[in-house]
Amino acid sequence: MRSELKKLKYRLSRLTETPKITCTLCQEKIYEFEPLDKHYLEMTAKYGFPYALEDAETLNVTAYNCPLCGGSDRDRLYALFFNKSIEPDKTYNLLDIAPAKALAAFIKKKKNIAYRSADLYMPEVDDKVDLTDMHIYKDNTFDIFVCSHVLEHVPDDKKAMKELYRVLKPGGWGIAMVPIFKSATEIKEDPTVTDESERWRRFGQDDHIRLYSKAGFKERLQEAGFEVKEFTTKDFKKDAFSANGIDPGSVLYIVNK
Ligand SMILES: [Zn+2]
């Protein structure tokens with residue numbers, strides 16, 4: 001009901017205009033995507049984080065959130081990949097780690113996907129699970145996993161990647177994404193840093209304990225056993241990125257077992 005009210009208010013606020021964009025996540029018509037919250041820019045500037053947001057690999061600062069479902073540009077990118085990869089006559093077991101609301105709602109609409117969410121702290125998930133010790137799941141359980149913007153929070157990310165590899169079926173795939181700043185040349189990490197201003201300065205957010213380089217991230221995934229593939233604008237339909245508010249330089253990391 002609340003979302004219906006939100007939709008109505010949104011339409012009433014701009015009655016003279018015609019919404020021309022369809023959000024690929026919620027399928028609603030919208031006027032435009034909303035920019036990234038200024039708070040993030042203010043905090044990184046305040047604490048002296050050395051990378052510019054323009055240096056972030058998959059981030060559309062000016063067209064970030066859907067005003068109705070709240071989904072981000074990266075969520076829309078994943079939705080595009082689901083739409084092109086999910087075969088209607090197959091069934092899939094999917095594990096969503098620390099689910100993003102709009103993407104979870106999008107995935108759950110796919111009737112041939114058995115959806116399961118997991119997190120150590122989020123109260124509403126199906127399973128309360130430590131990513132570095134997912135013993136509640138047997139080996140080779142899932143056809144797909146989503147692990148987006150999680151590993152930069154996890155002290156032992158190598159162990160987490162090994163666990164993701166273990167629970168994925170051979171032939172399965174996963175979305176493995178972390179914040180990447182293109183000019184970063186090596187992984188910087190320190191789980192012992194607990195001071196929030198220090199975390200902002202070094203890792204770009206108050207709850208991050210690591211900043212990945214592109215090469216470093218891929219190497220760690222490969223060390224865990226994964227084959228890593230990069231999907232860019234050329235792997236999708238022409239204009240798919242621009243129509244969905246996805247920055248043309250965005251890269252989707254898909255890992256295979
Ligand atoms: Zn939406």
Side-chain angles (χ1 to χ4, degrees), residues 1-41 53 56-86 88 92 94-117 119 122 124-126 144-150 174-179 231-233 235-254:
M1 194 58 213
R2 253 179 81 201
S3 68
E4 287 304 311
L5 192 63
K6 191 176 176 184
K7 224 187 296 177
L8 189 65
K9 276 187 182 166
Y10 180 67
R11 297 263 184 275
L12 286 173
S13 69
R14 299 171 71 163
L15 269 180
T16 55
E17 298 167 63
T18 310
K20 293 197 176 71
I21 301 169
T22 304
C23 171
T24 198
L25 289 162
C26 64
Q27 290 299 312
E28 294 293 342
K29 289 269 187 200
I30 58 167
Y31 303 102
E32 69 255 311
F33 293 108
E34 292 176 336
L36 180 70
D37 194 326
K38 275 204 281 289
H39 175 76
Y40 187 78
L41 198 59
L53 289 186
E57 189 173 68
T58 303
L59 178 65
N60 194 341
V61 176
T62 56
Y64 185 70
N65 281 119
C66 167
L68 291 176
C69 72
S72 66
D73 56 343
R74 61 177 179 268
D75 294 329
R76 298 192 290 278
L77 176 59
Y78 311 158
L80 291 183
F81 189 79
F82 271 96
N83 285 343
K84 103 188 198 110
S85 309
I86 297 296
Y92 302 87
L94 179 143
L95 181 65
D96 193 359
I97 310 281
K101 211 171 149 196
L103 182 72
F106 166 85
I107 298 171
K108 284 178 184 173
K109 279 187 214 148
K110 301 212 177 276
K111 297 285 175 245
N112 56 336
I113 296 180
Y115 177 91
R116 195 121 200 115
S117 61
D119 192 75
M122 294 167 86
E124 69 275 24
V125 291
D126 297 319
I144 304 169
F145 70 74
V146 179
C147 185
S148 167
H149 287 230
V150 175
I175 289 174
M177 295 285 282
V178 293
F231 288 79
T232 61
T233 184
D235 298 300
F236 295 88
K237 281 186 192 144
K238 192 175 171 283
D239 302 330
F241 274 27
S242 57
N244 287 285
I246 298 166
D247 184 83
S250 297
V251 179
L252 172 63
Y253 295 90
I254 296 293

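Just so you know, ligand 1 is whichever comes first in the structure, and atom 1 is the first atom listed for that ligand. Along the sequence shown, residues are numbered consecutively beginning with 1.
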Partner set under side-chain contact (heavy atoms from CB on, under 4.5 Å) for L12, not counting sequence neighbours = L8, L15
For the pair F241 and F236, name the ring-plane relationship: parallel under 30°, tilted 30 to 60°, perpendicular over 60°.
-> tilted
Give the total of protein N/O/S atoms at a distance below 2.8 Å from the Zn ion (ligand 1).
-> 4
Do the side chain of N83 and the main chain of L80 share a donor and acceptor less than 3.5 angstrom apart?
-> no
Mind listing the side-chain donor-acceptor pairs of residues 243-254 below 3.5 Å, one per line with the distance, residues two or more places apart or on another chain?
from	atom 1	to	atom 2	distance (Å)
N244	ND2	A240	O	2.7
D247	OD2	G249	N	3.0
S250	OG	D247	O	2.8
Y253	OH	E57	OE1	2.7
Y253	OH	E57	OE2	3.4
Y253	OH	K214	NZ	2.6

Electrostatic pair K101-E124, nearest N-O below 4.0 angstrom | no
With sequence neighbours left out, what residues match Y78 under side-chain hydrogen bond (donor to acceptor under 3.5 Å, both in side chains)?
-> S148
